[in-house]
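Below: the structure, in structure tokens.
Computed from a predicted model, the values in this text were never measured in an experiment. Numbering of ligands and ligand atoms starts at 1, following listing order.
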Amino acid sequence: MTLLQTLEARLSAALEKAIGEPTAPNLSPAADLRFGDYQSNTAMVMAKRLKTNPRALAQQILDALDVTDIATTSIAGPGFINFTILPEAYAAHAESLLKDPLLGAPQPGEGKTIVVDFSAPNVAKPMHVGHIRSTIIGDSLCRIARFLGYSVIADNHIGDWGTQFGMILHGWKTLLNHDALAADPIKELVRVYRQVNASTKEDPTVLDTCKAELVALQAGDPENLAIWQQCIDVSKLGLQKIYDRLDVKFDHWLGESFYNDMLPGLVDEFLENGLARESNGAVCVFTDDSKAPGDDPFKVHKEDGWTDNPAIIRKADGGFLYATTDLATISYRIDEWNADQIWYVVGVPQQLHFRQIFEAAERWGKHGDFRHIAFGSILGEDRKLMKTRSGDNVGLTDVLEEAVERAAKAIAEKNPDLTGDEAAEVAEIVGIGAVKFAELSQHRLTDYVFAWDRMLALQGDTAPYLQYSSVRIRSIFRKLDAAFDPTSAKISLEKPEEIHLARLLARFGEILPLVLEDHRPNLLANYLLELARAFHSYFEACPVLKSEEPLRSSRLALCALTSSVLEKGLGLLGIRCPERM
Ligand code: ARG
């Protein structure tokens, strides 16, 4: 149990005694440590309701409260109840964390299934830095949810049935270089796609040819289907290489094409049940007028007021759409996987799409907790959307390559003793870690600037800083002449720096559920920075190896716990720590 949970339980019991009914404890970490560690405004909230004096009520609650073994209490201002955790309680808690493989993390997810839909690039198009956001955020959310006991299904819903295949098929038949395809399939497919795309602009008949290829594919033409399948296979191999490098794993790769067979029946069902109707030959889901127009995803505001903004699920020519596939996908995930929640880690521009399909799914009777976890853009250092010199989207592989190269240079300068395979391995861990942390330490909705020097700095809010902190702690243990078992150490806390470090270590299990509340790994990233800074202050103020027993063991145990929390926390962000750097 976290300290916060212990206090909550005790405060709830006291509230029930003092007020005579179950009452929310409203406890949160205090914004200012001078007032204590945790604060509750429940006396103020309840006094308003009961029309009594809040400070007097706070006193009544304190009279019924029993926390003297873990905290001192006080009443502040208009009726806040403040709790200051005793150093002994932090010490005892740290001792228990050292024995706990979960490091204090609660298990709210037991018995619940979450499908996380992330990465989901489009086949035969390069993964660009926009997909990096989805991949990195989604992977971290999967890791955190699993750690909190959820059963998580990571599903890569790749775009393997888009209109791009018209151009790819035409290009495959007329322009493909088979040697180039064997060497780097994604690159060759993209080259072909781009060249065909360019020639459609010069010669409109090319576009007709492409459309005909697409129609043939959709009608099941064997030659086109075989080419399509080959495109998918080689693209998946290329993608897998990137995921391996990023250490990202999926449980499934059910792309859009997986749902093709379900689409005709789905549209019929929508029509039969009155969930959709025909409009100009197309089949559409319209508003049911149950919501105010401003909240209704099937309404849009134009000059002459609110008008219909339906979701099309079958085009007049009989073709199905992205929305149709996504509805089939929801149904599959709920019926086959018993998903309680589905998280979509997809950029802001698709917001309307998700609002529409979430509502259509509900009306269809597919109930679940659906979340669109949106994110902003990545900007270049000129604050414009990140592009290459030729104006193309920057490819993800190039970004990773450059990150690792730059990390290698920085490490060679810092520690020339590292050489050969070890140096290469450390550069990989540091470079990829830096890219991930730059992403995860931002609020996901902000557009962030991709600045190499800033993300690789050893001093700063960076992964290398955290990795370096962890390496430093490990080096303390390398200096020991005898084995040290932190789980049997007795911890005692005296100096403010060590109390503060213990306070932050106790917060780890409290931060993680907050991350999932609003899907914000940056809360964890920033917590880890705070923890590392607290460790460095501690290490300066409190001699470890040079102090006498039993203080030495106590301080070593605190180092060991910091190292575990730091590495576990980074691991939950998908970031590894090197042995040396
Ligand atoms: N392939 C899409 C894209 O790159 C993202 C798919 C997201 N997932 C979904 N179920 N719609 O824009």
Side-chain angles (χ1 to χ4, degrees), residues 114-139 141-142 152-165 167-168 186 189-190 193 228 231-232 235-236 238-239 242-243 248 250-260 262-263 266 285 297 311-313 320-337 339 341-362 364 366 368-378 385-386 392-396 444 519:
I114 306 176
V115 175
V116 186
D117 179 319
F118 68 106
S119 196
N122 300 315
V123 168
K125 292 186 177 178
M127 254 222 250
H128 56 74
V129 284
H131 287 115
I132 199 177
R133 297 203 75 167
S134 173
T135 308
I136 293 173
I137 297 171
D139 175 57
L141 291 174
C142 287
V152 172
I153 301 178
D155 186 13
N156 196 4
H157 187 79
I158 54 172
D160 58 2
W161 196 250
T163 47
Q164 76 263 35
F165 283 101
M167 293 193 198
I168 301 274
I186 296 189
L189 288 178
V190 169
Y193 172 78
W228 167 78
C231 286
I232 307 293
S235 296
K236 276 189 179 171
L239 288 171
I242 298 179
Y243 294 134
V248 168
F250 293 97
D251 300 297
H252 298 278
W253 289 59
L254 299 190
E256 293 178 12
S257 69
F258 176 79
Y259 299 95
N260 280 352
M262 306 170 202
L263 306 183
L266 183 153
V285 178
I312 307 178
I313 57 173
F320 302 103
L321 298 100
Y322 188 49
T324 330
T325 310
D326 256 328
L327 285 169
T329 309
I330 289 184
S331 154
Y332 185 86
R333 288 170 176 170
I334 289 184
D335 298 342
E336 299 294 319
W337 290 341
Q341 300 188 23
I342 308 179
W343 296 352
Y344 296 84
V345 190
V346 186
V348 169
Q350 296 194 26
Q351 192 182 14
L352 179 66
H353 165 76
F354 286 112
R355 286 177 61 217
Q356 290 191 328
I357 62 155
F358 293 170
E359 180 160 335
E362 281 293 333
W364 188 22
K366 306 290 171 187
D369 185 350
F370 309 132
R371 308 282 181 93
H372 175 203
I373 301 169
F375 52 81
S377 313
I378 304 185
L385 283 184
M386 203 157 136
D392 294 327
N393 286 327
V394 180
L396 179 48
R444 59 183 161 80
H519 310 97

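- In this structure, the ring pair (Phe, Tyr, Trp, His ring centres under 6.0 Å) partners of Trp161, at least two apart in sequence or on a different chain, are Trp228.
- Take Asp369 and apply the side-chain hydrogen bond (donor to acceptor under 3.5 Å, both in side chains) test, not counting sequence neighbours, and it matches Arg371.
- Side-chain contact of His252 with Asn156: a donor-acceptor pair under 3.5 Å is absent, judged by distance alone.
- Looking only at atom types and distance, the side chain of Ser119 has a donor-acceptor partner in the side chain of Tyr243 under 3.5 Å away.
- The protein residues lying under 4.0 angstrom from ligand 1, judged by non-hydrogen atoms, are Asp117, Ala120, Asn122, His131, His157, Tyr322, Asp326, Tyr344, Val346, Gln350, Phe354.
- Counted within 6.0 Å of CD1 on Ile312, heavy atoms from surrounding residues, nucleotides or ligands total 12 or fewer; the atom is thus considered open.
- Take Phe258 and apply the ring pair (Phe, Tyr, Trp, His ring centres under 6.0 Å) test, not counting sequence neighbours, and it matches Tyr332.
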